[in-house]
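Quick notes on the structure that follows.
Chain naming here is simple, since letters A, B, ... match the order of the sequence lines and numbering starts at 1 in each.
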2 protein chains.
Amino acid sequence: MTIDRFKPIPLHYQITNELRRAIKEGHYRVGDLFPTDKQLMEKYGVSSITVRRAVAALVDEGLLERRPGKGTFVKRETVEETLGKLTGFFEEMKARGYEPSATIIFTGPVEDLAKEIQRVPGLRVFGDAPLYLIEKVQKMNGQPITYLRSYWPFEYGSRLAEEDLEGRGLYELVEEKLGLILERAEQTISAGRAGKKEAGYLQVKTGTPLLIMERVAYAGDRPVELSLNAYRADRYKYRVVLDRNRPRPGSGVIVE
Amino acid sequence: MTIDRFKPIPLHYQITNELRRAIKEGHYRVGDLFPTDKQLMEKYGVSSITVRRAVAALVDEGLLERRPGKGTFVKRETVEETLGKLTGFFEEMKARGYEPSATIIFTGPVEDLAKEIQRVPGLRVFGDAPLYLIEKVQKMNGQPITYLRSYWPFEYGSRLAEEDLEGRGLYELVEEKLGLILERAEQTISAGRAGKKEAGYLQVKTGTPLLIMERVAYAGDRPVELSLNAYRADRYKYRVVLDRNRPRPGSGVIVE
DNA sequence: AAGTGGTCTAGACCACTTA
DNA sequence: AAGTGGTCTAGACCACTTA
């Protein structure tokens, strides 16, 4: 459970993971003084540079903050930081202090896979495995924000459908009930207009411009969800920060 | 010019900047073996850990790549990396191997600032300084992709307007002619539909959905450009990668 | 066998903060 | 004066690559 000097995993890396776990489990409160470098050196029996490296990784992730002369502190993650990470709609709304909810429209297996792939070419990432569709409208303080079509491998999707999808976020349930950890996602942002169906769900006029996001979420290297989100563009925008030297994940894509 | 042990700037930081400059100036070719850690230790008269730290920063920026047992190499930046950074349309298209061009629609001072701010509230970042507008259509291989309205403080804008804005990118010209370095930008992505004017410039029907980006670019802490881009959503999408642990700059924004 | 980058130690000195 | 994190040294051992 703790640090093993004979594992072929670098000590600084083992310590980073150990400390991250402790923070996430709530062993330290936000704003608390974190153990000093010296205490960590003694606790793990390693040198100062190894501790520094382990702690630096968590500073980078936004979990800790160092103040020279004062100490290391557990940081309150800013809304910015929370949202730059891979999060679901429910987490995102809660982080902003809004009340998320959802209305289920449909849950069930995808009957005609070939036809569905024609409409949503991105579904190819799943190969020819059977799929399960969860379709819902997500709301903020009772106002519809986005119409979501979320495709999962059949087993995952059908198990999710048994849960409280109107009161809880998909991604929370995935972790809690399926034990999957979504590590990474790729997201494409585009624009479209509301058809009759979308217009009804989102309470806008037909033809209203919508912000369209297609997201593929991965657990390890395996794709586990493809979702299509249609956001009301009058209520939701997407923000990106760009840096001259540091490569960032956002970029335009030419549609061939 | 080189490293100064008596400056209050950390050695690793001085070395990082020195090496970055050398790479950018083309002292090493892509794929070339970069000096080994040992050579750098001797050259700068510092210890291994200081060299490692300096080199690690450039690995992080995507300029170098380390292969244990082999050496450090100058990396060809991938299209992904180039585009995650703050780049203009011309650089972006060139990085993808397309031929960018532009048609100027209008250049001139903003006459009625108060009125313009009412239409584009983002312009408030400039306070009440006089502004200059550059309006153009940007093309890829001759095809219109985006209609751009780019606002600059008067002096910068008027100087840019004297340059070859149809054959070169704004951001290149800014660096070359104005000596400004754009370090950071904040960008908001939304959806809209083509009015008569946009429809004409982009050769689409009125009402076609467009991807709308509003960007504020900064040199140091000073905002120097606010641009409004309307992209043809059938030809251009925006892509973002999200990570579970690492905060990334992309995030949704609720419109109040 | 010699060279590479990756990890790690045990310590030093520094500026800064707190008491 | 004692404690904090930030920087840096001089070296060791490791796995891996190349010859």
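- A donor-acceptor pair under 3.5 Å is absent between the side-chain atoms of A:Glu42 and the main chain of A:Gln39, judged by distance alone.
- The OH-C1' distance, from A:Tyr44 to C:dC8, rounds to 17 Å in whole Å.
- A tilted orientation is assigned to the rings of B:Phe34 and B:Tyr28, their planes being inclined by 30° to 60°.
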Would A:Lys237 and B:Thr188 satisfy side chain to side chain donor-acceptor pair (under 3.5 Å), going step by step from the backbone distance to the final call? CA-CA 6 Å; A:Lys237 296 185 196 302; B:Thr188 307; over 6 Å; no
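- The nearest whole Å value for the distance from the CG atom in B:Asp37 to the C1' atom in D:dA10 is 15 Å.
- Atom C1' of nucleotide C:dG5 and atom CD of B:Gln39 are separated by 13 Å, given to the nearest angstrom.
- Taking 4.0 angstrom as the limit, A:Lys70 places none of its side-chain polar atoms (N or O) nearer than this to OP1 or OP2 of C:dC16.
- A close approach under 4.0 Å does not occur between any side-chain nitrogen or oxygen of A:Ser47 and OP1 or OP2 of C:dC8.
- In this structure, CG of A:Leu40 is placed 13 Å from P of C:dT9, rounded to the nearest angstrom.
- One finds no side-chain N or O of A:Arg67 lying less than 4.0 angstrom from the OP1 or OP2 phosphate oxygen of C:dT18.
- Rounded to whole Å, the distance from CG on B:Leu11 to P on D:dA10 is 12 Å.
- A:His12 contributes no side-chain N or O that, together with a main-chain N or O of A:Thr50, makes up a donor-acceptor pair within less than 3.5 Å.
- Across the protein-nucleic acid pair, A:Tyr13 atom OH and C:dC8 atom C1' stand 18 Å apart, rounded to whole Å.
- Side-chain contact, B:Ser150 with B:Glu225: a donor N or O sits under 3.5 Å from an acceptor N or O.
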Show your reasoning for whether side chain to side chain contact (heavy atoms under 4.5 Å, CB included) applies to B:Leu178 and B:Arg159. CA-CA 8 Å; B:Leu178 306 186; B:Arg159 282 168 65 195; 3.6 Å; yes
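- Atom pair B:Phe34:CZ and C:dT4:P shows a separation of 14 Å (rounding to whole Å applied).
- Among the duplex regions that DNA chain C forms, those built from at least three successive Watson-Crick or G-U pairs under 3.5 Å are C:1-18 with D:1-18, ordered by first number.
- If you check D:dG5, D:dT18, C:dG5 against the side chain of B:Thr36, the one that comes closest is C:dG5.
- In this structure, of D:dG5, D:dC8, C:dC8, it is D:dG5 that holds the atom nearest to the side chain of A:Arg66.
- Computed from coordinates, the B:Ile15 CD1 to D:dC8 C1' distance equals 11 Å when rounded to whole Å.
- In this structure, the nucleotide among D:dT9, C:dC8, D:dG6 sitting nearest to the side chain of B:Arg5 is D:dT9.
- Remark: the backbone N or O of A:Leu160 is not paired with any side-chain donor or acceptor of A:Glu163 at under 3.5 angstrom.
- Within residues 48-55 of chain B, the residues having any heavy atom under 4.0 Å from DNA chain D are, by residue number, B:Ser48, B:Ile49, B:Thr50, B:Arg53.
- Under the 3.5 Å distance criterion, with hydrogens and angles disregarded, no donor-acceptor pair is assigned to the side chains of A:Ser227 and A:Glu214.
- Residues A:Gly45 and B:Gly71 each lie close to DNA chain C; by heavy-atom proximity, the contact nearer the 5' end of the strand is made by B:Gly71.
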When you look at A:Val224 and A:Trp152, which way does the side chain to side chain contact (heavy atoms under 4.5 Å, CB included) test go after all the steps? CA-CA 6 Å; A:Val224 293; A:Trp152 299 80; 4.3 Å; yes
